[in-house]
Amino acid sequence: MDAIRLKDKKPVMLKQVYKHNNGFDQELAISQYVSSPDLLKDPDNHCIPIYEVLDIPGDSEYVIIVMPLLHPFNATRFDTIGECLDFFHQIFKGLQFLHKHHIAHRNCTQNNVMMDPSEIYPDGFHPVKYNMSRDLAGPAFQKYTRTQRPPKYYWIDFGLSVQFKESDKFPQAMSIRGGDKSPPEFRDMAQLHTRRNPFPTDIYYLGNLIRIHFTEGRGNDIEGFKFGLSFMKPLVAAMVHEDMSKRPTIDQCVVHLEDIIQAQSTCTLRAQVWHSTDSIFGFLYRFFPHWARRITYILTQTPAIPHLTPERRRHNHSIP
């Protein structure tokens, strides 16, 4: 549920979680671990931070964690190809951070990646009806695009996550299906509850998220797919490979993505994002405002990928 933090009037979200690890739920321990002061300094940490942990009087089983109020990553329209690549880069680096610390998310699907839109919506938004103002008096006012006020994206919900010891050279855990039920390794129900390496399934989830929302779409998705991102298809295809042993690691995915980013021209990066479901009226409505912004970005040398300047794009590879 949502709340207001009294000391600074900051909107927050509250979540009830198990107080102690109970054999399958490590959410509190993992959430606190990735929110430790040292790990919060890591720029690749894209895990939702925990502000406080509140004890519930008379309840020995649960506590309440306090987190920032975030916004679904796709509730606000992407304006440019560069904004899409910024999103990809942040969530790839965020999953790489988790895997580096031996944490398999196990539910890194569309519902569990969100963004901080506080500068895009400076007047706020409703915590449930995201397209409405906080008081439900009218629509939420989007003052800026993602290029003008770059948001940070976060992975949330570690209720299915598992952390291994650094000494576990062959990590395995009992399989648990997340929100995305489509991984090939979960199709045989007789083999569902089998101990497996969960990290390749994380790769599948991430690749399928991009496939569904950006490169191919799906039949019941009202957004369709987004034109201009076909250069992502080879990487996505590798990530969703039927054979989980042939999927790339997250380190390999990050390197491949950064090569893709480096290969794109500025013209491509500044190109407008069009959905396969857009009508001609939507095209005309958005076309001229986009070009007005685009010319302004060129004149002001605003980076085409919000968090990556051309210099950082050339020297961004962090994996040997």
Side-chain angles (χ1 to χ4, degrees), residues 1-8 10-73 90-91 93-116 118 127-128 152-168 171-180 193 195-199 201-202 205-206 209 250:
M1 62 180 295
D2 65 295
I4 298 293
R5 189 163 66 177
L6 293 178
K7 69 179 182 181
D8 57 6
K10 185 179 180 67
V12 295
M13 290 296 287
L14 310 179
K15 182 178 182 180
Q16 178 179 277
V17 300
Y18 285 107
K19 189 172 186 176
H20 305 288
N21 290 348
N22 57 12
F24 68 91
D25 192 327
Q26 302 180 33
E27 179 159 18
L28 180 60
I30 290 176
S31 297
Q32 290 182 306
Y33 174 76
V34 297
S35 290
S36 61
D38 286 343
L39 293 189
L40 284 177
K41 296 176 184 177
D42 189 332
D44 293 335
N45 186 345
H46 287 267
C47 302
I48 187 169
I50 304 301
Y51 292 153
E52 296 180 65
V53 178
L54 307 178
D55 285 315
I56 304 173
D59 192 329
S60 61
E61 189 173 6
Y62 295 100
V63 292
I64 295 172
I65 54 176
V66 184
M67 305 170 287
L69 174 63
L70 301 179
H71 197 270
F73 78 90
Q90 288 195 47
I91 63 174
K93 294 294 286 185
L95 190 61
Q96 184 185 40
F97 169 87
L98 285 169
H99 287 195
K100 174 184 174 182
H101 291 279
H102 317 290
I103 299 170
H105 191 288
R106 299 209 291 179
N107 198 16
C108 45
T109 57
Q110 64 185 60
N111 292 332
N112 288 332
V113 58
M114 305 191 80
M115 72 174 186
D116 176 4
S118 53
V128 178
K152 183 171 181 176
Y153 299 96
Y154 291 95
W155 288 110
I156 69 166
D157 190 357
F158 301 103
L160 299 183
S161 301
V162 59
Q163 184 171 20
F164 298 94
K165 296 178 181 178
E166 186 175 356
S167 60
D168 289 334
Q172 289 191 334
M174 192 65 69
S175 295
I176 298 178
R177 293 201 297 177
D180 182 351
H193 297 298
R195 293 185 66 82
R196 296 185 177 92
N197 181 348
F199 293 99
T201 304
D202 274 4
Y205 284 145
L206 180 55
L209 184 157
I250 189 59

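Using modelled atom types, one finds a donor on one side chain and an acceptor on the other under 3.5 Å when comparing Tyr33 with His101. For the residue pair His99/Asp202, the side-chain donor-acceptor check at 3.5 Å is satisfied. Lys93 and Gln96 are linked by a side-chain donor-acceptor pair at a separation below 3.5 angstrom, with hydrogens and angles left out of the test.
Applying the side chain to side chain contact (heavy atoms under 4.5 Å, CB included) test between Phe97 and each of Ile103, Asn45, Ile250 identifies Asn45 as the sole match. If you run side-chain hydrogen bond (donor to acceptor under 3.5 Å, both in side chains) between Ser175 and each of His193, Arg196, Arg106, only Arg196 comes through.
Here the CZ-CG distance, from Arg177 to Leu160, works out to 12.0 Å after rounding to the nearest 0.5 Å. Distance CD1/Ile30 to OG/Ser35: 11.5 Å, rounded to 0.5 Å. Annotation: the span from Thr201 atom OG1 to Asp180 atom CG amounts to 10.0 Å, rounded to 0.5 Å. Interatomic distance, CD1 of Ile50 versus CD1 of Ile65, reported as 4.0 Å (0.5 Å rounding). Put simply, OH on Tyr154 and NE2 on His71 are 15.0 Å apart, with the number rounded to the nearest 0.5 Å. We find the SG-CG distance between Cys47 and Asp157 to be 12.0 Å, quoted to the nearest 0.5 Å.
In this structure the side chain of Met67 never reaches within 4.5 angstrom of the side chain of Val12, judged on heavy atoms. Counting heavy atoms from C-beta outward, Pro68 and Asp116 have side chains that stay 4.5 Å or more apart. Looking at heavy atoms from C-beta onward, Tyr18 lies out of side-chain contact with Leu28 at the 4.5 angstrom threshold. When side chains are defined from C-beta on, Leu209 does not count as touching Thr109, because their heavy atoms never get closer than 4.5 Å.
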Exercise for review: Could you give me the CA-CA distance, side-chain angles and deciding distance for Gln90 and Met115, then say whether side chain to side chain contact (heavy atoms under 4.5 Å, CB included) is met?
Suggested key: CA-CA 10 Å; Gln90 288 195 47; Met115 72 174 186; over 6 Å; no
**Study point:** Evaluation steps, side chain to side chain donor-acceptor pair (under 3.5 Å), between Ser36 and Asp38
**Key:** CA-CA 6 Å; Ser36 61; Asp38 286 343; over 6 Å; no
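Heavy-atom minimum distance, Trp155 versus Leu206: CZ2-CD1, 4.0 Å. Closest approach of Phe158 to Ile48, counting heavy atoms only: CE1-CG2, 4.4 Å. When all heavy atoms of Phe199 and Pro171 are compared, the closest pair comes out as CE1-CG, 3.7 Å. Summarising the geometry of Ile4 relative to Pro11, their closest heavy-atom pair is CD1-CA, 3.9 Å, with the distance given to 0.1 Å. The shortest non-hydrogen separation linking Ala173 to Phe164 is CB-CZ, 4.0 Å.
Judged by distance alone, with hydrogens and angles left aside, the side-chain atoms of Arg195 form a donor-acceptor pair with the main-chain N or O of Gln172 at under 3.5 Å. One N or O on the side chain of Asp168 and one on the backbone of Lys165 form a donor-acceptor pair closer than 3.5 Å. In this structure, the side chain of Asn112 engages the main chain of Asn107 through a donor-acceptor pair within 3.5 Å. Judged by distance alone, the side chain of Asp2 and the main-chain N or O of Met13 form no donor-acceptor pair under 3.5 Å. His105 places a side-chain N or O within donor-acceptor distance of the main-chain N or O of Ile156, the cut-off being under 3.5 Å. Using a distance-only test at 3.5 Å, with no hydrogens or angles considered, no donor-acceptor pair links the side chain of Tyr51 to the main chain of Arg5. With His46 contributing its side chain and Tyr153 its backbone, the two residues share a donor-acceptor pair below 3.5 Å.
Checked for salt-bridge contact, Lys19 and Asp59 miss the test: no charged N lies under 4.0 Å from a carboxylate O.
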